[in-house]
Novice: 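So that we are looking at the same thing, I have put the structure below in structure tokens.
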Amino acid sequence: MRNKFPKSGNSQLFENSNSSMNRIKLYSIISLFLIIVGSGISYWTSERIGFYTTALMETQDILQRTSELYSSILERETNIRGYVLTGDSKFLTNYQQSLLDAESLLKKLKDLTKNNPDQQNYLNELEELINIRVETFKLTIVYYEQHGNLDGFISPARVNSALNGYRTIKDVVKNIESEENRLFVEKNRSLLNNINALPFIVGLISLFSISVGFVTLLSIFHYNKVQKIASNRIKNYQDQLQEHLYQLDDSNKELEQFAYVASHDLQEPLRKITAFSDLLKEQYSETLEGEGALYLDRITVASNRMRRLITDLLEYSRAGRITSEEEKEVDLNQIAEYVLDDLEIAIHEKKAIIEIKDLPTVLGKQTEYRQVFQNLISNALKFSKPDEKPHVIVSCENASSEEVNKLKQLDSSFDYFKITVVDNGIGFDSNYADKIFAIFQRLHGKEAFEGTGIGLSITKKIIEKNNGTIYATSEPGQGSKFIILLPDIKTIE
Amino acid sequence: MLVKKPINILIAEDDEDDKLLIIKAFQKTLPKENVICVADGEALLQYLNRTAPFDQIEAYPLPDIILLDLNMPKKDGRTALAEIKSHDNFKKIPVIIFTTSNLKDDIEITYKMGTNSYITKPGSFEGLVKVAKEIENYWSKTVMLPV
């Protein structure tokens, strides 16, 4: 199973760019918040300005109406005086009119100052005083109408009370005016304060927003820089990876070359050894004494075996290599059929029974799977008991997930087929269960069973290349069982 | 029946051992002087063109067939084959590639270049003798060669 490569680049890079992204978000939120608060405060301030402006206008209105009220009071006095002096009823009409005016003004003023208890008090006081005066005027008018003059009506006490009443009214009006003036000054100050504060507040908020904006901008620049560095590093890493791939490719080619050279160049002298020993035997067999001919035979046998080893080694190096053959869906039932055809003679000779049960379709190369089944079934025939007919069962089931998890070289995200090849042969010691898959490993002497010990290693190589695994269980004399797990993948991604 | 003159074989082979084995094998069917060996492709073409050191016409007759190894120093089999097959006079001489290589590419390319046979060197001396007999039999008895 291949080792997994680390994920691209180093993760720190991504953390860096993530933290600066977070900073950008934070700054944007802060500046948005500041802008909202700033707008709120500005709005509030302008509301205050509006409020104070209205209040000032009100105060001005009150002042004006107060002075109008005062004028109407004076007008009344003047008209009364005119009436009693001349007896002209026009004065009386004017008097009535100013009486109404004063009443409506007073009402209006009360209404305008309803939130100010001081002014309300003053106004009530003023109203009372006016009423007292009006009572006096009424009496005066009644007296005048009855007598045609005011003789006997005017007394020092009445004159005094008239003077006092007038003075008191004037004082109260003055009080109202001074109170209203005080309010005017106060409100004016507040208005000015607000007007003065507005540019300051707006300026401050703008300053904050601009600063935060700048910081955000800087963070974005920083983020871009980090991103750039990160993407550069990723690119470097990709280049490195590419470079490594090229190197791997080169070294694969070298290895291929090596296998080719090894097989051909090693076979060259071997061929000559065989040829010359043949020649020697042919020309000098009569003159060879003692065991000379035997030694020559030994030379030939050893060379032939060496040649087989080299051929098999070459085959092993080629197994699972990229070839022109396309990977496709392979029906293993069909493969098994081909293999049985190939092994027909051996099966017939050994009178073997071979059962092929429903096999799956898997992804891979036809010739490779053919090699796998050829090796496994011919092994089962080769290592059969001499006194028993070989019986081989090839079957398939779905591998349980516990089984897949147990085999750590498998990817547990896939489903697996579990293909078993069971025989009733001589079996082997389970201590050797791993060893039999190693290249050139043999459990028996080559005199007992021929072969180079390469078949199972080729099988293993092919199965592992197809992302599967193979293992074996057995006991001496109890037959052996080969288990292949292959992923249930139908199409090439 | 007319007794045929034995054919002349020119062998281009750089390996001394192989040269010895091939000569030994052919000597079973042909007279010694009909089997001539050169060491590489360059020598082969010098021989055919009769340039020094092969400038004596009598000693170096034009061969009936050529046995050509592919992997040789100086001028390899492919180059020599190309030169022979592009030469007006020499291209009529049958060329047999006789090599250890059994690569699909080598076989296909040399046939495309005009070789007449492609034989992989046998592993044993017996095999070599058999091949030598077949070559001799085929090219001297079965087929007609240009005079």
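Just so it is clear, the values below take in all heavy atoms, side chains as well, and ignore hydrogens, waters and symmetry mates. Each chain gets a letter, A, B and so on, in the order its sequence line appears, and its residues count up from 1.
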Novice: Report the distance from atom CG of Leu128(B) to atom CZ of Arg271(A), rounding to the nearest 0.5 Å.
Specialist: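 If I round to the nearest 0.5 Å, the distance is 8.0 Å.
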Novice: Out of Ser277(A), Ser303(A), Ala275(A), Pro269(A), return the one with the most heavy atom pairs under 4.5 angstrom to chain B.
Specialist: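 Highest number of heavy-atom pairs under 4.5 Å: Ala275(A).
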Novice: For chain B, which residues of residues 280-296 of chain A have at least one non-hydrogen atom nearer than 4.5 Å to it?
Specialist: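 Within residues 280-296 of chain A, near chain B: Glu282(A), Gln283(A).
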Novice: Do other residues, nucleotides or ligands put more than 12 heavy atoms under 6.0 Å from Gln240(A) CD?
Specialist: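 More than 12 heavy atoms, drawn from other residues, nucleotides or ligands, come within 6.0 Å of this atom.
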Novice: For the interface with chain B, which of Thr274(A), Leu270(A), Ile273(A), Leu279(A) has the highest count of heavy-atom pairs at distances below 4.5 Å?
Specialist: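 Option with the greatest count: Leu279(A).
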Novice: In terms of heavy-atom contacts, does CD of Glu83(B) have more than 12 from other residues, nucleotides or ligands at under 6.0 Å?
Specialist: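 Above 12, so yes.
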Novice: Taking only heavy atoms into account, what residues of residues 26-35 of chain B are found under 4.5 Å from chain A?
Specialist: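 Listed by number, the contacting residues are Lys28(B).
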Novice: Search all heavy atoms of Asp278(A) against all heavy atoms of Phe125(B) and return the closest pair with its distance.
Specialist: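 It is OD2-N, 3.0 Å.
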Novice: If you count the non-hydrogen atoms of other residues, nucleotides and ligands that lie under 6.0 Å from NZ in Lys121(B), is the total more than 12?
Specialist: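 Result for NZ/Lys121(B): enclosed.
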Novice: Counting only non-hydrogen atoms closer than 4.5 Å, does Asp18(B) touch chain A with its backbone (N, CA, C, O), its side chain (CB onward), both, or neither?
Specialist: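 Both backbone and side chain.
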Novice: Output the distance between atom CD (Glu16(B)) and atom NZ (Lys272(A)), rounded to the nearest 0.5 Å.
Specialist: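 Answer rounded to 0.5 Å: 9.5 Å.
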Novice: Which residues satisfy the salt bridge (Lys or Arg N to Asp or Glu O under 4.0 Å) test with Glu108(B), sequence neighbours excluded?
Specialist: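 Glu108(B): salt bridge (Lys or Arg N to Asp or Glu O under 4.0 Å) contacts with Lys112(B).
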Novice: For atom CZ of Arg50(B), decide whether the heavy atoms of other residues, nucleotides or ligands shown that lie under 6.0 angstrom number more than 12.
Specialist: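 Atom CZ in Arg50(B) is packed in, count exceeds 12.
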Novice: Can you establish whether the number of heavy atoms outside Ile345(A) located under 6.0 Å from its atom CD1 is more than 12?
Specialist: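 No, not enclosed.
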Novice: Look at atom NZ of Lys382(A) and say whether more than 12 heavy atoms of other residues, nucleotides or ligands are closer to it than 6.0 Å.
Specialist: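 For Lys382(A), atom NZ is crowded (more than 12 foreign heavy atoms under 6.0 Å).
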Novice: Under the ring-ring contact (aromatic ring centres under 6.0 Å, His included) definition, can you give me all pairs with a residue in residues 42-66 of chain B, not counting sequence neighbours?
Specialist: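 ring-ring contact (aromatic ring centres under 6.0 Å, His included) check on residues 42-66 of chain B returns Tyr47(B)-Phe54(B), Tyr47(B)-Tyr60(B), Phe54(B)-Tyr60(B).
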Novice: With a 4.5 Å cut-off on heavy-atom pairs, point out which of Thr100(B), Leu21(B), Val129(B), Leu20(B) contacts chain A the most.
Specialist: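 Among Thr100(B), Leu21(B), Val129(B), Leu20(B), the one with the most close pairs to chain A is Leu21(B).
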